[in-house]
Amino acid sequence: TIGLDLGPYPSDLGGNLTVQRFDPMAVNAICGNLDTLSESLGAGGAGGNQKILCSLSTLKETDCVVFSIGSNNAWGFEIGVSTALPHCKIFTFDCFVEHTGVPTQIQKTTTFLPLCAGNTRHGDQFRDLEGLAREVGVDHIDILKMDAEGAEWDLLPHFLTKQNHLLPFQFTFELHLCERNSQISRARGTVEVAFLASLLFNAGYRIIAIDEVSAKCREFTAVRVFC
């Protein structure tokens, strides 16, 4: 159990009514104990990006399961989680990267699989959330990290509306407005960000942290407070 402050919502806009595209995905809960993991810790990881999670210490006495979707051979997230929660099982999925091996210090806790999250119609290496869980033999997910480089626009609505029983307790995900790979997705606007925010809210999630990766990319952390 973790403590979150869910309100009140701010009522004073300070006279600024300009709506930016990320505005609908605002922080709407406060975690009293944020844990920050730097991606620069991992071999091959790019510095500057970070993952923010809520109260990792509450999982120390549990049989926790962590899913990391998207690797690019950057292991900072996995190293950080494994250091904080050495008993957790961590599963990393990426079907696009040429896998160079799990770092020695986390080989006991971390398993890499050359699979991607997505619809199976995209190829044999794609699985939905239930399929990924079945591949590794787990029935719950405590923490989900997603770096899908644009594919999150398709993945998150499917996860949030179709696979409710496997939704993680908390997850961190990047949200891109314009994608590196134009074949994945088009540019996104405020209405689409608001729609995704409503799906998160209706699934019981509240945003507890936002990290500005770039002008067109944000890293969000959400905790599920209602089921």
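Hydrogens, waters and symmetry mates are skipped; everything else that's a heavy atom, side chains included, is used. For this chain, numbers begin at 1 and follow the sequence in order.
- Here the side chain of D142 pairs no donor or acceptor atom with the backbone of V66 at under 3.5 angstrom.
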_Walk me through whether W153 and L196 qualify under side chain to side chain contact (heavy atoms under 4.5 Å, CB included)._
CA-CA 8 Å; W153 290 100; L196 189 56; 4.2 Å; yes

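- Put simply, CZ on F112 and CZ on F93 are 10.0 Å apart, with the number rounded to the nearest 0.5 Å.
- Looking at every heavy atom in both residues, A84 comes nearest to L56 through CB-CD1, 4.0 Å.
- In terms of modelled atom types and a separation under 3.5 Å, the side chain of R224 and the main chain of P168 share no donor-acceptor contact.
- The distance from the CD1 atom of I106 to the OG1 atom of T104 is 9.5 Å, given to the nearest 0.5 Å.
- Side chains of F173 and I69 form no contact here, defined as non-hydrogen atoms less than 4.5 Å apart.
- Evaluated for a side chain to side chain contact (heavy atoms under 4.5 Å, CB included) with L53, the options I143, I208, T36 yield exactly one hit, I143.
- The nearest pair of heavy atoms linking A203 to L167 is CB-CD1, 4.2 Å.
- The minimum heavy-atom distance linking I79 with T83 is given by the pair O-OG1, 2.8 Å.
- Distance check: R21 CZ to E192 CD gives 9.5 Å after rounding to the nearest 0.5 Å.
- The two residues I207 and M25 come nearest to each other via the heavy atoms CD1-SD, 4.1 Å.
- Using a 4.5 Å heavy-atom cutoff, the side chains of V138 and F67 are in contact.
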_Between F159 and M146, is the side chain to side chain contact (heavy atoms under 4.5 Å, CB included) condition met? List the steps._
CA-CA 12 Å; F159 289 172; M146 181 185 299; 3.4 Å; yes

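- Judged purely by distance below 3.5 Å, without hydrogens or angles, the side chains of E219 and T172 pair a donor atom with an acceptor atom.
- The distance from the OG atom of S82 to the NE2 atom of H87 is 10.5 Å, given to the nearest 0.5 Å.
- Judged by distance alone, the side chain of T161 and the main-chain N or O of P157 form a donor-acceptor pair under 3.5 Å.
- Figure legend: K145 and F77 shown as a cation-pi pair, the cationic atom lying under 6.0 angstrom from the six-membered ring centre and within 45 degrees of its axis.
- At a threshold of 4.5 Å between non-hydrogen side-chain atoms, the residues T190 and D23 do not count as touching.
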*Give the intermediate values and the outcome of side chain to side chain contact (heavy atoms under 4.5 Å, CB included) for residues K162 and E130.*
CA-CA 10 Å; K162 303 294 185 183; E130 184 175 319; over 6 Å; no

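- Between R218 and S214, the closest heavy-atom pair is NH1-O, 2.6 Å.
- No donor-acceptor contact under 3.5 angstrom links the side chains of T92 and S71, judged on distance only.
- By the 4.5 Å heavy-atom criterion applied to side chains, W75 and T110 are counted as neighbours.
- No donor-acceptor distance shorter than 3.5 angstrom exists from the side chain of H176 to the backbone of K216, with no hydrogens or angles considered.
- Side-chain contact check for L132 versus V136: every heavy-atom pair is 4.5 Å or farther apart.
- The side-chain heavy atoms of S57 and N33, taken from C-beta on, include a pair separated by under 4.5 Å.
- Note that the CG atom of D211 and the CZ atom of F220 stand 10.0 Å from one another [nearest 0.5 Å].
- Between the Q170 side chain and the C54 main chain, a donor and an acceptor come within less than 3.5 Å of each other.
- Side-chain atoms of H158 never come within 3.5 Å of backbone atoms of L129 as a donor-acceptor pair (strictly under, hydrogens ignored).
- Here the rule is side-chain hydrogen bond (donor to acceptor under 3.5 Å, both in side chains) with K51, and of D147, D35, T221 only D147 fits it.
- With rounding to the nearest 0.5 angstrom, the CZ atom of R206 is 15.0 Å from the SG atom of C31.
- Shown here for Q125 and P114, the closest heavy-atom pair between the two residues is CB-O, 4.0 Å.
- Residues L177 and V193 have side chains in contact (heavy-atom distance under 4.5 Å, counting atoms from C-beta outward).
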*Test log, rule side chain to side chain contact (heavy atoms under 4.5 Å, CB included), inputs L156 and L199*: CA-CA 9 Å; L156 286 173; L199 292 181; over 6 Å; no

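- Residues Y205 and F171 bring their aromatic ring centres within 6.0 Å.
- For the pair R127 and R134, the minimum side-chain heavy-atom distance is 4.5 Å or more.
- Side-chain atoms of D94 come within 3.5 Å of backbone atoms of N72 as a donor-acceptor pair (strictly under, hydrogens ignored).
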